[in-house]
A.B. asks: 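Have a look at the structure that comes next, please.
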Amino acid sequence: MDNRMIMELAKQLGLPEETAEAKAKEYIGKSDEEILREIKRIKTILKKDKKAYQKQMQTIRALAGTMSGPQKARLEKIIALLES
């Protein structure tokens, strides 16, 4: 995912660009296990507001159109985790 995609996602989620960029940098170098723990933590927060959760899931799914095959596969795994 390049910087342009991160900024577009931030815009769709209503986040300031600086916040989104800083958050993305936090994940550089993290293992899949560390990222998985973070996804599970975020999932519990997101599911508290069903409307916001649905909007964010739509935004996440929209990213798939701009990704390569391996990126899409990873995104699908993340979506499955968030929806479980």
Side-chain angles (χ1 to χ4, degrees):
M1 186 177 297
D2 63 18
N3 201 31
R4 181 187 58 78
M5 288 173 50
I6 292 169
M7 293 308 115
E8 180 60 30
L9 178 60
K11 179 180 168 186
Q12 291 178 15
L13 295 174
L15 298 172
E17 287 185 14
E18 301 82 29
T19 302
E21 192 168 2
K23 195 67 175 168
K25 286 181 182 180
E26 287 180 25
Y27 292 96
I28 294 173
K30 285 193 175 188
S31 69
D32 286 351
E33 185 176 306
E34 291 171 307
I35 293 171
L36 179 60
R37 281 195 302 268
E38 182 69 9
I39 289 169
K40 288 179 180 180
R41 185 185 70 76
I42 291 169
K43 175 182 164 180
T44 60
I45 295 168
L46 289 176
K47 286 210 168 182
K48 290 179 183 178
D49 183 347
K50 294 214 183 270
K51 285 185 181 181
Y53 170 77
Q54 290 174 350
K55 180 180 178 184
Q56 291 169 341
M57 291 304 293
Q58 285 177 328
T59 303
I60 292 168
R61 282 187 192 93
L63 289 173
T66 62
M67 295 181 164
S68 67
Q71 290 173 324
K72 284 181 188 178
R74 290 185 90 182
L75 180 64
E76 289 301 321
K77 288 179 184 178
I78 291 168
I79 289 171
L81 287 170
L82 290 171
E83 291 181 330
S84 64

A.B. asks: Any heavy-atom pair between the side chains of R41 and I45 that's under 4.5 Å?
C.D. replies: yes
A.B. asks: Name all residues meeting the side chain to side chain contact (heavy atoms under 4.5 Å, CB included) criterion together with E34; count only those two or more places apart in sequence or in a different chain, and write none if there are none.
C.D. replies: K30, S31, R37
A.B. asks: Identify, with sequence neighbours excluded, every residue that meets side chain to side chain contact (heavy atoms under 4.5 Å, CB included) alongside I79.
C.D. replies: M57, I60, R61, L75, E76, E83
A.B. asks: Can you list the residues that meet the side chain to side chain contact (heavy atoms under 4.5 Å, CB included) rule with S84, with sequence neighbours excluded?
C.D. replies: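 Partners of S84 by the side chain to side chain contact (heavy atoms under 4.5 Å, CB included) criterion, ordered by chain and then number, come out as K43.
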A.B. asks: Calculate, to the nearest 0.5 Å, the distance between atoms NZ and CD belonging to K51 and Q56 respectively.
C.D. replies: 14.0 Å
A.B. asks: Tell me every residue that passes side chain to side chain contact (heavy atoms under 4.5 Å, CB included) with I39, counting only those two or more places apart in sequence or in another chain.
C.D. replies: I35, I78, L81, L82
A.B. asks: Got more than 12 heavy atoms from elsewhere within 6.0 Å of NZ, K40?
C.D. replies: no
A.B. asks: Ignoring hydrogens and angles, state whether a donor on the side chain of S68 or Q71 is under 3.5 Å from an acceptor on the partner side chain.
C.D. replies: yes
